[in-house]
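Working notes for the structure below.
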Amino acid sequence: MSEERSLHFLEEIIEADLKKGTHDGRVLTRFPPEPNGYLHIGHAKSICLNFGLAQQYGGKTNLRFDDTNPVTEETEYVESIKKDVKWLGFDWAQELYTSDYFDQLYAFAVTLIKKDLAYVDDSTAEEIAAGKGTPTVPGTPSVYRSRSIEENLQLFEEMKAGKYPDGAKVLRAKIDLAAPNMHLRDPLMYRIKHATHHRTGDAWCIYPMYDFAHGQSDAIEKITHSICTLEFIPHRALYDWFIEKLEIFPAKQYEFARLNIDYAVMSKRKLLQLVNEKFVNGWDDPRMLTISGLRRRGYTPASIRNFCDKIGVAKRENLIEMSLLEFCIREDLNKTAWRRMAVLDPIKLVITNYPDGQEELLHGENNPEVEGGDGSRSIPFSKELWIEREDFKEEAEKKYFRLAPGLSVRLKNAYIVTCTGFKTDDFGNVTEVHCEYIPESKSGNDTSGLHVKGTIHWVSVAHAKTAEVRLYDRLFQAEDPSNEDGDFKEYINPNSLQVLSKAYIEPDLATAELGRGYQFIRKGYFTLDTDTTAENLVFNRTVTLKDNWAKKA
RNA sequence: UGUCCUAUAGUAUAAAGGUAGUACAACUGGUUUUGGUCCAGUCUGUCUAGGUUCGAAUCCUGGUAGGACAACCA
């Protein structure tokens with residue numbers, strides 16, 4: 001079956017290059033994060049794109065840390081980024097750092113000075129900004145623009161030598177102060193920062209700006225396709241200008257639309273605020289759309305890769321619905337997660353005609369989606385069970401097919417029971433539900449001939465273990481918090497985390513493994529949280545099951 | 001009063017001048033020891049006005065709408 005998959009615009013560009021023989025058919029991409037925060041699902045899109053494209057066309061991908069700003073970057077972030085990229089399932093050809101090129105970049109700058117294409121400017125930041133004009137008004141040259149090459153050379157060397165304090169001088173490209181593209185109005189190339197760099201330490205006190213580092217780094221590595229997001233479109237002219245004047249490898253920049261997901265924020269700056277201001281418990285809080293948060297929440301690498309595949313690649317601004325991400329993880333977990341029973345909001349069910357003290361071990365397959373059930377486990381059954389409070393009603397409405405006086409349900413993997421009554425406390429709250437079971441209806445050899453509409457999950461009171469269960473909802477209540485009036489944090493959902501400190505789980509779950517997905521039957525997919533200790537099991541709900549009943553009710 | 005990018009169902013994304021398709025969402029129905037899964041089906045779309053053409057989502061022109069750009073951030 002030959003499935004005609006259409007190409008997105010980047011695939012078309014690469015195939016055209018391959019056809020023309022550009023770079024001898026070589027494809028080398030790069031994923032260039034700044035190590036100033038944790039990776040999020042938006043980065044996953046870029047990672048899948050860069051690594052995926054290279055894999056597709058027999059090429060390679062470099063992991064390059066864009067570390068040109070020492071005040072925001074830390075080794076902790078480098079480590080987390082490497083871990084996340086690996087976890088997503090990708091291997092880089094080389095681990096590189098822009099800071100590896102500081103000497104080379106310095107030499108490039110000197111070259112431009114010698115060509116009279118760069119100059120040292122003593123103006124303040126404010127003066128430089130004012131001198132750039134506005135989009136509709138040309139800028140005016142700084143008085144330092146006409147310094148001699150010799151003077152520029154000397155001053156730049158002195159900047160490097162540490163002779164000047166932060167902000168005293170900058171190196172600027174000499175291009176065109178009237179350019180319609182603001183980025184061409186003599187952009188900054190170097191600034192003075194007496195700061196310790198996470199890798200070069202105090203070796204440098206001048207650092208290149210993004211625009212004077214990125215394209216050159218691509219050129220040094222001979223990157224064939226430098227893929228970035230839409231906001232860099234205006235930078236492309238500069239990217240090309242430096243490469244042209246320096247006469248170095250002609251890497252090309254291409255731009256695609258970044259990922260946005262509804263009811264979430266996606267920028268590192270905003271995520272950092274959520275962490276620093278304690279709206280969440282760290283970068284890996286399961287409510288965060290960081291890679292580490294998603295991992296802790298129970299998302300699998302495959303589900304994220306599949307999601308990135310489904311959202312497509314284009315140049316149009318987009319806002320993807322969270323439901324697509326949820327679909328992807330359900331699709332994956334449905335095929336792999338072991339089914340288990342857990343009661344989150346318990347009420348006691350007493351089987352009045354079941355012998356006191358009797359217990360039996362029932363059989364439950366791990367996953368009905370897998371041929372053969374993917375193995376099975378034993379489930380202890382007895383006279384008193386915990387069932388979900390919402391599975392009993394004193395009076396059943398139309399189409400309610402769970403438990404209510406006179407109604408029957410099947411207990412999953414066990415017997416059919418018929419509700420015979422219930423007990424209440426002094427306030428009228430139901431404290432206990434009574435039922436009778438039908439011995440011939442046992443799962444596996446049901447000879448009762450009965451058919452019931454509902455099946456509910458349960459846990460034997462005498463055998464139940466307990467666990468803390470954390471339920472999550474979207475972190476924001478606005479569809480696009482970043483585009484609402486005021487601060488995005490005003491739109492945080494106050495009920496995004498619900499902790500159930502004592503849920504009842506079937507005994508087998510006591511041996512749950514970290515990193516494995518479990519389906520708590522009828523309640524959703526769950527995974528063990530890293531907060532789990534020997535005394536306290538903690539489960540995160542990855543995602544609920546699709547629920548067509550809750551919507552109608 | 002600039003330059004640049006973009007415009008297809010609710011949300012994304014295809015159709016390279018020739019049948020507007022796919023996924024998610026929503027809605028029906030069937031199956032089901034999970035109100036899950038699975039299966040079948042329904043709904044909804046080319047921003048606008050011209051032009052070129054036998055034929056336009058696609059090419060051209062003008063409008064409109066949204067977005068990016070004037071950090072010693074990346």
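Naming: A, B, ... by sequence-line order, numbering from 1 per chain. What you see is a predicted model; the values in this text were computed from it and never measured.
Atom NZ in A:Lys335 sits roughly 15 Å away from atom C1' in B:rG36 (whole-Å rounding). Rounded to a whole Å, the CZ atom of A:Arg258 is 10 Å from the C1' atom of B:rA74. In this structure, CG of A:Leu7 is placed 20 Å from P of B:rU22, rounded to the nearest angstrom. B:rU33 atom C1' lies 14 Å from atom CD1 of A:Ile438, rounded to whole Å. Atom pair A:Ile206:CD1 and B:rC72:P shows a separation of 17 Å (rounding to whole Å applied). Atom CD1 of A:Ile261 is separated from atom C1' of B:rC24 by 13 Å (rounded to the nearest Å). Put simply, CG on A:Leu238 is 12 Å from C1' on B:rC69, counting in whole angstrom units.
Using C1' as the reference atom, B:rU44 and B:rU1 are 40 Å apart when rounded to the nearest Å. Spacing between B:rA23 and B:rG41 at atom P, rounded to whole Å, works out to 11 Å. Nucleotides B:rU58 and B:rG17 have their P atoms positioned 12 Å apart, rounded to a whole Å. Comparing the same atom, P, in B:rA7 and in B:rA12 gives a spacing of 12 Å after rounding to whole Å. Here, B:rG30 and B:rG45 have their C1' atoms 30 Å apart, quoted to the whole Å. Comparing B:rA40 with B:rA57, their C1' atoms sit 31 Å apart, to the nearest whole Å.
If you check every strand for non-hydrogen atoms under 4.0 Å, A:Glu369 touches a base. Residue A:Asn413 is classed as a base contact, given a heavy-atom separation below 4.0 Å to a base. Across all strands shown, A:Ala314 has heavy atoms under 4.0 Å from sugar-phosphate atoms exclusively, and none from any base. Counting any heavy atom pair closer than 4.0 Å across all strands shown, A:Glu326 reaches no nucleic acid atom. If you check every strand for non-hydrogen atoms under 4.0 Å, A:Phe232 touches a base. Across all strands, A:His235 comes closer than 4.0 Å to base atoms (heavy-atom distances). Across all strands shown, A:Val313 has heavy atoms under 4.0 Å from sugar-phosphate atoms exclusively, and none from any base. Contact annotation for A:Tyr207: no contact, since no heavy-atom pair falls under 4.0 Å across all strands. Note on A:Pro33: nothing from the nucleic acid sits closer than 4.0 angstrom, heavy atoms only. A:Gly133 comes within contact range of at least one nucleobase, with a heavy-atom separation under 4.0 Å. Using a 4.0 Å heavy-atom criterion, one finds that A:Gly444 contacts the bases of the nucleic acid, with or without backbone contacts as well. At a threshold of 4.0 angstrom between heavy atoms, the contacts of A:Thr98 with the nucleic acid are absent.
Of the nucleotides present, B:rG30 is the one that pairs with B:rC38 by Watson-Crick or G-U wobble criteria, both distances under 3.5 Å. Nucleotide B:rU44: unpaired (no Watson-Crick or G-U wobble partner with both distances less than 3.5 Å). Within the shown strands, nothing qualifies as a pairing partner of B:rU8 under the Watson-Crick or G-U definition with both distances less than 3.5 Å. B:rA20 is unpaired under the criterion used here, namely a Watson-Crick or G-U wobble arrangement in which both key atom distances are under 3.5 Å.
In the set B:rG35, B:rA14, B:rA12, the nucleotide with an atom closest to the side chain of A:His8 is B:rA14. Set against B:rA74, B:rU1, B:rA7, the side chain of A:Thr68 has B:rA74 as its closest nucleotide. If you check B:rG36, B:rC73, B:rC72 against the side chain of A:Lys546, the one that comes closest is B:rG36. The side chain of A:Pro180 lies closest to B:rU3 when the candidates are B:rG35, B:rU3, B:rA74. Of the candidates B:rA70, B:rA74, B:rG36, B:rG36 carries the atom nearest the A:Leu545 side chain, counting heavy atoms from C-beta on. Listed nucleotides B:rC73, B:rA70, B:rC72 differ in distance to A:Glu34; the shortest reach to its side chain belongs to B:rC73. If you check B:rA74, B:rA12, B:rU3 against the side chain of A:Met209, the one that comes closest is B:rA74. Closest contact between the side chain of A:Leu319 and the listed nucleotides B:rU34, B:rA25, B:rA12 involves B:rA12. Set against B:rA12, B:rA14, B:rG35, the side chain of A:Arg402 has B:rG35 as its closest nucleotide. Nearest to the side chain of A:Thr136, among B:rG2, B:rA68, B:rC73, sits B:rG2.
Across every non-hydrogen atom of A:Ala173 and A:Tyr119, the tightest pair is O-CE2, 3.9 Å.
Judged by distance alone with a 3.5 Å cut-off, no donor-acceptor contact links the side chain of A:Arg330 to the base of B:rU37. Under 3.5 Å, the side chain of A:Glu321 and the base of B:rG10 form at least one donor-acceptor pair of N or O atoms. A donor-acceptor contact under 3.5 angstrom links the side-chain atoms of A:Ser443 to the base of B:rU33.
For A:Glu12 and A:His451, each mapped to the nucleotide of RNA chain B holding its nearest heavy atom, the one lying further toward the 5' end belongs to A:Glu12. Taking the nucleotide of RNA chain B with the nearest heavy atom to each of A:Ile521 and A:Phe9, the more 5' of the two is matched to A:Phe9.
Phosphate contact (OP1/OP2 of B:rC73, side-chain N/O of A:Arg191, threshold under 4.0 Å): present. Dashed line: the shortest gap from a side-chain N or O of A:Arg522 to OP1 or OP2 of B:rG35 is under 4.0 Å. Side-chain nitrogen and oxygen atoms of A:Arg316 include at least one within less than 4.0 Å of the OP1 or OP2 phosphate oxygen of B:rU13. In this model, the phosphate group of B:rC73 is approached by a side-chain N or O of A:Lys193 to a distance below 4.0 Å at OP1 or OP2. OP1 or OP2 of B:rG36 has at least one side-chain nitrogen or oxygen of A:Asn548 nearer than 4.0 Å.
Residues A:Asn50 and A:Ser46 bring a donor and an acceptor atom of their side chains to less than 3.5 Å of each other. Between the side chains of A:Arg410 and A:Ser441, not a single donor N or O lies within less than 3.5 Å of an accepting N or O.
Ring-plane geometry between A:Phe212 and A:Phe242 is classed as perpendicular, the angle between the planes exceeding 60 degrees on a 0 to 90 degree scale with a lower cut at 30.
Stacking between A:Tyr210 and B:rA74 is absent: the ring centroid is not both under 5.5 Å from the six-membered base ring centre and under 30° in plane angle.
Side-chain contact check for A:Arg191 versus A:Lys169: every heavy-atom pair is 4.5 Å or farther apart.
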